[in-house]
Amino acid sequence: QLQASGGGLVQAGGSLRLSCAASGRTFSIYGMGWFRQAPGKEREFVAAITWSGTSTDYEDSVKGRFTVSRDNAKRTVYLQMNSLKPEDTAIYYCVAGTVGLGRRSDEYAYWGQGTLVTVSS
């Protein structure tokens, strides 16, 4: 089970940190990631991190602004979002799967409930 938190309303240029707490399975063996879905748009990949935390991948529009990390001892994955833009407004979903770094939604078997991020201009 994945429980995402940390969403909210922020002005453009601001920052938020999303957290995703995992329970019920061996957290450390799973690749983790974040997807998002904006109103009226398809769900898209945002970032991914390997089970060891040594490798990451980002969608082009968030590179240099977002950072994904994980703490296996705390069974938690994070998404630090800086320099937020109105186009980052979306529901953000935490995901987990037996994958290294995946960009496709079907590579992740486990999904959190989503947390809403709203960036005002």
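Cluster annotation: Y108 and M32 are assigned to distinct hydrophobic clusters (Ile/Leu/Val/Met/Phe/Trp/Tyr, side-chain heavy-atom contacts under 4.5 Å, transitive). Hydrophobic clustering of Ile, Leu, Val, Met, Phe, Trp and Tyr side chains at less than 4.5 Å, counting indirect connections, keeps Y110 apart from V99. Note on I49 and W34: same hydrophobic cluster, where clusters join Ile, Leu, Val, Met, Phe, Trp and Tyr whose side-chain heavy atoms are under 4.5 Å apart, directly or indirectly. Both V62 and V10 are assigned to one and the same hydrophobic cluster, defined by single-linkage of ILVMFWY side chains at heavy-atom distances under 4.5 Å. Linking ILVMFWY residues whenever their side-chain heavy atoms come closer than 4.5 Å, directly or via other members, leaves Y58 and V95 in distinct clusters.
Summarising the geometry of A47 relative to L79, their closest heavy-atom pair is CB-CD1, 4.1 Å, with the distance given to 0.1 Å. For the residue pair L9 and S120, the shortest heavy atom distance occurs at CD1-CB, 4.3 Å. S52 and T54 get closest at one heavy-atom pair: OG-OG1, 2.7 Å.
In this structure, the side chain of R103 does not engage the main chain of A48 through any donor-acceptor pair within 3.5 Å. For S121 (side chain) and P86 (main-chain N/O), no donor-acceptor pair under 3.5 Å exists by modelled atom type. Proximity of a side-chain donor or acceptor of R65 to a complementary backbone N or O of S83 within less than 3.5 Å is detected. No side-chain donor-acceptor contact under 3.5 Å links Y92 to the backbone of A4. Between the N82 side chain and the T67 main chain, no donor and acceptor come within less than 3.5 Å of each other.
Between V68 and Y78, every side-chain heavy-atom pair lies at or beyond the 4.5 Å cut-off. Between D88 and M81 there is no side-chain heavy-atom pair separated by less than 4.5 Å.
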Review point. Could you walk me through whether L2 and Y93 pass the side-chain contact (heavy atoms from CB on, under 4.5 Å) check?
Key: CA-CA 9 Å; L2 302 174; Y93 297 92; over 6 Å; no

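Screening R104, E59, E107 for a side-chain contact (heavy atoms from CB on, under 4.5 Å) involving F45 leaves a single residue, E59.
Screening residues 29-110 for disulfide (SG to SG under 2.5 Å) gives C20-C94 as the qualifying pairs, with residues at least two apart or on separate chains.
Ring planes of W111 and F35: tilted class, angle from 30 to 60°.
In this structure, the separation between CD on E44 and OG on S61 is 6.0 Å, given to the nearest 0.5 Å. Note that CG of L116 and OG1 of T89 are 8.0 Å apart. Values are rounded to the nearest 0.5 Å. Expressed to the nearest 0.5 Å, how far CZ of R17 lies from OG of S69 amounts to 7.0 Å. Distance check: L84 CG to T118 OG1 gives 10.5 Å after rounding to the nearest 0.5 Å. Note that the CH2 atom of W51 and the OG1 atom of T98 stand 14.0 Å from one another [nearest 0.5 Å]. Note that CZ of R36 and CZ of R43 are 14.0 Å apart. Values are rounded to the nearest 0.5 Å.
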